[in-house]
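Report on the structure given below.
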Amino acid sequence: MTAIHGSAAAITGAASGIGRALALELAAGGCDVAIADRDEAGLAAVAAELGSRGRKVTTHRVDVSDPAHIQAFAQAATAAHPGLNIVINNAGVAMLGLFNEFDQAQFEWLMNINFWGVVHGTRAFLPHLERQKAAHIVNISSIFGIIAPSGQTAYCASKFAVRGFSEALRHEFWLANSPVQLTVVHPGGVKTNIVRNMRTGAAITDNARRVESIERFDTEFAKTMPEVAAQTIIRGIEKNAPRVLIGNDAKFMDLLQRFRPGKYFKVMQRQLAKRAAAQGK
Ligand SMILES: NC(=O)c1ccc[n+]([C@@H]2O[C@H](COP(=O)([O-])OP(=O)(O)OC[C@H]3O[C@@H](n4cnc5c(N)ncnc54)[C@H](O)[C@@H]3O)[C@@H](O)[C@H]2O)c1
């Protein structure tokens, strides 16, 4: 069991959204934080917000897709926080487009952040975590690591991969006998900047699709506030939950996938069509 009070956590993607909320909630619960992001200005703003919470805070400019960056982050963070015992691999990105609308380089850009970033973070911090009395790794997947709607080929590939990697790692004998626990998190829609910051497939020239997609995410899909997502994740750490689902949307889609493993997308399409009809679209 990992208690939050008196712990120290490394969080990637902490300049915005769920990562920022995690940093604030953890610090409020008495946990020191090493916050990392490639967005230095965003990190500085979160560090300023954290200032009043009376915990030790360090900021680290890190590109999670670069293993050398994460190694340097792990070294600096554990030097600054020798008792660091929680690692949250959270940084992630999204992309607009069908499979034939983005190119291989764009697919690899997304995988390098969403999947390899999680693997690099886990590898870099594990030796340190194994030396702690109680330690925890949190890997952020998505409900799109459980179901796979159209328009999400790269994102789903990355998030299914995070889930597969994390579950298999948790089941490995050596980790099961170490002080390190592992939670994989599957949020439904959370009100963050992820869609606003997404890249657009190289073949998409019409900006209207991007605008519509951002609007739909904000009004229809982003149901949970980041603070609530962060609190749910923290409860998962405290209870050593192997899997955390965030939001009723995620809980519903998880059940739907179990009952209709081959046909859940048809049910989702019917629901979306009903909703569009009700809104007169
Ligand atoms: N918002 C949602 O609805 C939702 C749903 C399911 C899963 N998630 C996952 O939650 C995680 C957090 O996303 P969010 O919604 O808070 O998005 P966000 O865009 O608000 O925050 C993501 C942060 O990651 C950082 N980041 C991106 N690429 C990076 C890189 N290469 N190196 C370092 N930092 C990088 C960004 O600068 C940003 O600060 C992601 O893994 C995302 O896939 C989000």
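This structure is a prediction, so every number in the text was calculated from the model and none was measured. Worth knowing before you read on, the calculation uses all heavy atoms, side chains too, and leaves out hydrogens, waters and symmetry mates. Counting convention: from 1, in listed order, for ligands and their atoms alike.
E227 and K191 are not joined by a salt bridge, as no carboxylate oxygen comes within less than 4.0 angstrom of a charged side-chain nitrogen. A salt bridge does not link D37 with R20: none of the charged nitrogens is closer than 4.0 Å to a carboxylate oxygen. The pair K223-D249 does not count as a salt bridge, with every side-chain nitrogen at least 4.0 angstrom from each carboxylate oxygen.
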Checklist line | Test log, rule ring-ring contact (aromatic ring centres under 6.0 Å, His included), inputs F73 and F125 | finding: CA-CA 9 Å; F73 171 43; F125 280 95; 5.3 Å; yes
Next item on the list: Carefully, step by step, assess L98 and T153 under the rule side-chain contact (heavy atoms from CB on, under 4.5 Å).
Entry: CA-CA 7 Å; L98 302 172; T153 48; over 6 Å; no
Margin query: Would L26 and I11 count as a side-chain contact (heavy atoms from CB on, under 4.5 Å) here? Give the steps.
Written below: CA-CA 10 Å; L26 283 166; I11 310 160; 3.9 Å; yes
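Of all the atoms in ligand 1, the ones that sit under 4.0 Å from a non-hydrogen atom of G189 are 3 (O). Listed by number with element, the atoms of ligand 1 under 4.0 angstrom from any heavy atom of A15 are 39 (O). Against a heavy-atom cut-off of under 4.0 Å, N197 is close to the following atoms of ligand 1: 19 (O). Per-residue contacts place V93 under 4.0 angstrom from the following atoms of ligand 1 (heavy atoms of the residue considered): 27 (C), 28 (N). In summary, the atoms of ligand 1 found under 4.0 Å from a heavy atom of G17, numbered by their order in the structure, are 16 (O), 20 (O). The atoms of ligand 1 that sit less than 4.0 Å from any heavy atom of I140 are 9 (C), 10 (O), 11 (C). Close approach of ligand 1 to F217 is summarised as follows: ligand atoms under 4.0 Å from at least one heavy atom of the residue are 3 (O).
Between A94 and ligand 1 there is no heavy-atom distance shorter than 4.0 Å. Ligand 1 does not have T12 within reach: every non-hydrogen atom of the residue lies 4.0 Å or more from it.
In this structure, the side chains of P179 and K133 stay at 4.5 Å or more apart for every pair of heavy atoms.
A donor-acceptor pair is defined here as one N or O able to donate and one able to accept, closer than 3.5 Å; no such pair exists between the side chain of N139 and the backbone of V184. In this structure a side-chain-to-backbone donor-acceptor pair under 3.5 Å is present from T12 to A91. Proximity of a side-chain donor or acceptor of Q106 to a complementary backbone N or O of T200 within less than 3.5 Å is detected. With hydrogens and angles disregarded, a donor-acceptor distance shorter than 3.5 Å links the side chain of R170 to the backbone of P242.
At a heavy-atom cutoff of 4.0 Å, ligand 1 is contacted by no atom of F221, backbone or side chain. Under 4.0 angstrom from ligand 1, there are no non-hydrogen atoms of F144. With a 4.0 Å cut-off on non-hydrogen atoms, V62 touches ligand 1 through its backbone and not its side chain. If you look at A222 next to ligand 1, there are no close heavy atoms at all, none under 4.0 Å.
Considering backbone and side-chain atoms together, T192 places an N or O closer than 3.5 Å to an N or O of ligand 1. Checking only distances, K159 does come within under 3.5 Å of ligand 1, N or O to N or O. The distance criterion of under 3.5 Å between nitrogen or oxygen atoms is met by V64 with respect to ligand 1. In terms of polar-atom proximity, defined here as any N/O pair under 3.5 Å, D63 does make such a contact with ligand 1. By the 3.5 Å distance cut-off applied to N or O atoms, D37 is counted among the residues near ligand 1.
Under the side-chain hydrogen bond (donor to acceptor under 3.5 Å, both in side chains) test applied with Q132, the options H128, H136, E130 reduce to a single match, H128.
Scanning the protein heavy atoms around atom 4 (C) of ligand 1, the nearest turns out to be G188 O, 4.0 Å. The closest protein non-hydrogen atom to atom 12 (C) of ligand 1 is N90 OD1, 3.2 Å. For atom 24 (O) of ligand 1, the closest non-hydrogen atom on the protein side is G13 CA, 3.4 Å. Annotation: atom 43 (O) of ligand 1 to nearest protein heavy atom, Y155 OH, 2.6 Å. In this structure, atom 28 (N) of ligand 1 lies nearest to the protein heavy atom R38 CZ, 3.2 Å. G92 O, 3.8 Å is the protein heavy atom nearest to atom 22 (C) of ligand 1. Nearest protein neighbour of atom 18 (P) of ligand 1, counting heavy atoms only, is S16 OG, 3.6 Å.
Here the straight-line distance linking atom CD1 of I137 with atom CD1 of I86 works out to 11.5 Å at 0.5 Å rounding. Interatomic distance, Q71 CD to H120 NE2, rounded to the nearest 0.5 Å: 10.0 Å. From R210, atom CZ reaches atom CD1 of I204 across 9.5 Å, with rounding to the nearest 0.5 Å.
A chain of hydrophobic side-chain contacts below 4.5 Å, direct or via other Ile, Leu, Val, Met, Phe, Trp or Tyr residues, connects V190 to L24.
When T224, L43, I194 are checked for heavy-atom proximity to atom 42 (C) of ligand 1, I194 turns out nearest. With distances taken over non-hydrogen atoms, the option nearest atom 44 (C) of ligand 1 out of V190, I18, I70 is I18.
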